[in-house]
Amino acid sequence: MNLALTDEELAFRDEMRTFFTTQIPAEIRERYARGEEVGKEGFIESQRILNANGLATPHWPVEWGGRDWTPVQKHIWLDELQLASVPEPLAFNTSMVGPVIAAFGSQEQKEKFLPPTANLDIWWCQGFSEPEAGSDLASLKTRAVRDGDDYVLNGQKTWTTLAQHADWIFVLARTNPDAPKKQAGISFILVDMKTPGVTVRPIKLIDGGYEVNEIFFEDVRVPAENLVGEENQGWSYAKFLLGNERTGVTRLGFSKVRLAQAKERAAEISVGEGTLLDDPLFAARIAELENEIIALELTQLRVVASSADGKPNPASSLLKLRGSELQQATLELLTDVAGPDSLPFAAGDGISSPLWAQRTTPTYLNYRKVSIYSGSSEVQRSIIASSILGL
């Protein structure tokens with residue numbers, strides 16, 4: 001297989017690179033590259049610029065703002081976006097609920113939700129996981145009982161990312177508790193976060209940040225018109241959504257940027273008669289990561305090329321597994337480069353530790369999550385074993 005980009009694809013790559021590095025405000029990109037908070041406003045500003053230029057939802061149907069791109073073009077778009085340190089379009093909107101509504105929603109739902117979802121006029125969050133239904137999502141207990149023209153929701157969701165910013169939440173709820181299989185009897189329902197009975201409670205994370213939440217539903221009345229697709233078919237829609245969620249989770253562009261930062265910082269640190277970058281053991285560690293990134297990138301291109309028929313490729317589990325590991329490895333490297341300067345955080349002017357170094361430890365801790373979300377590494381290994389190796 002020829003994995004080199006064609007002349008047309010190289011021109012497309014240059015077009016994307018130029019746009020991302022000139023049209024998205026440098027302040028947003030620089031803060032994002034340093035691992036600093038860009039805030040809700042920064043995400044919205046960035047996504048609205050992308051959407052105005054047809055670059056927020058290229059994988060959506062063309063009639064709803066998508067682009068008729070090849071899989072390779074979509075790969076280039078995402079890679080260049082990450083390399084430019086542009087905040088990625090909010091996944092809950094563009095890779096999760098948007099495609100579900102476009103594929104299974106009513107015409108009224110498409111017209112009402114898709115344009116503001118693409119433009120981030122609506123900020124969505126994901127109501128899937130529960131205290132006793134994480135990896136075993138089909139065991140969820142949140143109930144939705146039909147009462148006239150409404151559903152009445154009761155239950156709890158947890159690990160709900162960025163729910164503190166959200167306007168709406170898409171919820172998996174059990175509408176038929178007597179279904180013969182636990183995967184059956186689940187529906188996909190859209191809920192306005194301002195509805196009476198919805199309570200958001202923050203969860204403090206290991207990095208000290210506030211990113212995820214618990215959400216409680218107490219007799220929440222939701223119009224039945226907010227049911228997506230058919231009642232009791234939510235599990236099928238959830239599988240469709242998770243397939244979209246796992247697209248692009250390799251995040252090689254992110255890993256490349258962090259590796260480049262580590263090399264740049266290492267070149268500024270004196271070791272013996274040279275710099276840390278000249279140290280043989282450190283240089284070997286850099287070379288190993290660079291080679292692994294190249295190998296994974298070639299694998300990703302093969303997977304992208306083979307996905308032209310639109311069917312899922314089990315090799316995507318390899319991308320998720322190794323992509324997660326490389327994100328964590330590059331962040332660990334950057335933290336090691338920072339050394340003792342990585343220990344303080346938000347210490348203010350009273351300490352000499354540079355801000356970039358102070359950000360490394362909380363970012364490293366936060367990214368323990370990447371080997372858990374979108375299918376944990378254990379789940380991916382099981383898929384690889386059964387679907388690829390035939391074990």
Side-chain angles (χ1 to χ4, degrees), residues 3 32-35 75 78-83 85 87-88 91 95 129 134-135 159 161 205-207 209 211-212 242-266 281-304 306-307 312-339 342 359-389 391:
L3 295 176
Y32 196 67
R34 291 193 298 263
H75 163 75
L78 183 57
D79 195 47
E80 290 300 325
L81 183 142
Q82 293 171 351
L83 285 170
S85 295
E88 295 169 39
S95 297
S129 295
S135 297
W159 309 120
T161 303
L205 295 180
I206 190 174
D207 66 346
E211 185 177 83
V212 297
L242 292 170
N244 281 286
E245 181 187 6
R246 289 165 187 168
T247 300
V249 290
T250 307
R251 301 197 76 207
L252 278 173
F254 174 94
S255 296
K256 290 177 184 178
V257 169
R258 295 308 180 271
L259 185 58
Q261 291 175 339
K263 292 170 68 175
E264 178 183 357
R265 299 300 183 182
L281 290 178
F282 184 83
R285 190 174 172 190
I286 289 282
E288 182 179 5
L289 280 173
E290 287 179 331
N291 285 330
E292 291 194 4
I293 286 174
I294 290 171
L296 188 59
E297 186 167 31
L298 292 173
T299 302
Q300 184 171 23
L301 284 170
R302 285 196 293 269
V303 173
V304 166
S306 68
S307 66
N313 188 329
S316 61
S317 289
L318 286 167
L319 302 181
K320 169 61 172 69
L321 177 64
R322 290 299 294 138
S324 297
E325 292 171 347
L326 287 176
Q327 288 177 69
Q328 293 174 340
T330 53
L331 288 170
E332 182 177 358
L333 178 71
L334 195 56
T335 304
D336 288 347
V337 170
S342 69
R359 285 295 319 167
T360 57
T361 292
T363 304
Y364 164 82
L365 292 172
N366 182 273
Y367 271 72
R368 300 298 90 195
K369 67 189 179 186
V370 299
S371 49
I372 299 173
Y373 68 53
S374 297
S376 68
S377 292
E378 291 78 9
V379 168
Q380 303 307 329
R381 289 189 179 97
S382 295
I383 295 172
I384 292 167
S386 60
S387 299
I388 299 177
L389 302 178
L391 299 178

Review point. Partners of E378 by side-chain contact (heavy atoms from CB on, under 4.5 Å), sequence neighbours excluded?
Key: S376
Check your understanding: Do L333 and I286 have side chains that get closer than 4.5 Å, going by heavy atoms?
Key -> yes
Study note, to complete from the structure: Separation between OG1 (T335) and CG (L365), nearest 0.5 Å, reads 8.0 Å
Exercise for review: Evaluate the side-chain proximity of L331 to F254: yes if any heavy-atom separation is below 4.5 Å, no if none is.
Suggested key: yes
**Study point:** Flag, side chain of S324 to backbone of V370, donor-acceptor distance under 3.5 Å
**Key:** yes
Check your understanding: Just checking, any donor-acceptor pair under 3.5 angstrom between side chains of R258 and S255?
Key -> no
**Study point:** Results of salt bridge (Lys or Arg N to Asp or Glu O under 4.0 Å) for E288 - residues two or more places apart only
**Key:** none
Revision key, fill the gap. Contacts of E290 meeting side chain to side chain donor-acceptor pair (under 3.5 Å) (sequence neighbours excluded), chain-then-number -> K263
**Study point:** Test side-chain contact (heavy atoms from CB on, under 4.5 Å) applied to L391 - qualifying residues, sequence neighbours left out
**Key:** A385, L389
Point to revise | Any residue meeting ring-ring contact (aromatic ring centres under 6.0 Å, His included) with F282, in chain and number order, not counting sequence neighbours | key: none
Check your understanding: Taking only residues two or more places apart in sequence, or in another chain, which ones meet S371 in a side chain to side chain donor-acceptor pair (under 3.5 Å)?
Key -> Q328
Review point. With sequence neighbours excluded, what pairs up with E325 under the salt bridge (Lys or Arg N to Asp or Glu O under 4.0 Å) test?
Key: R322, R381
Revision key, fill the gap. Across all chains, not counting sequence neighbours, the ring-ring contact (aromatic ring centres under 6.0 Å, His included) partners of Y32 are none
Exercise for review: List for me each residue that meets salt bridge (Lys or Arg N to Asp or Glu O under 4.0 Å) alongside R368, sequence neighbours excluded, and say none if there are none.
Suggested key: none
Practice item. Would you name the heavy atoms of S317 and Q380 that are closest together and state the gap between them? Key: OG-OE1, 2.8 Å
Review point. What residues form a side chain to side chain donor-acceptor pair (under 3.5 Å) with D79, not counting sequence neighbours?
Key: none
**Study point:** salt bridge (Lys or Arg N to Asp or Glu O under 4.0 Å) partners for R359, two or more places apart
**Key:** none
Exercise for review: Using modelled atom types only, decide if a donor and an acceptor are shared between the side chain of S387 and the backbone of I384 within a distance under 3.5 Å.
Suggested key: no
**Study point:** For the student: nearest non-hydrogen atoms of S85 and V257, plus distance
**Key:** OG-CG1, 3.9 Å
**Study point:** Under the side chain to side chain donor-acceptor pair (under 3.5 Å) test, residues paired with K256 that sit two or more places apart
**Key:** E297
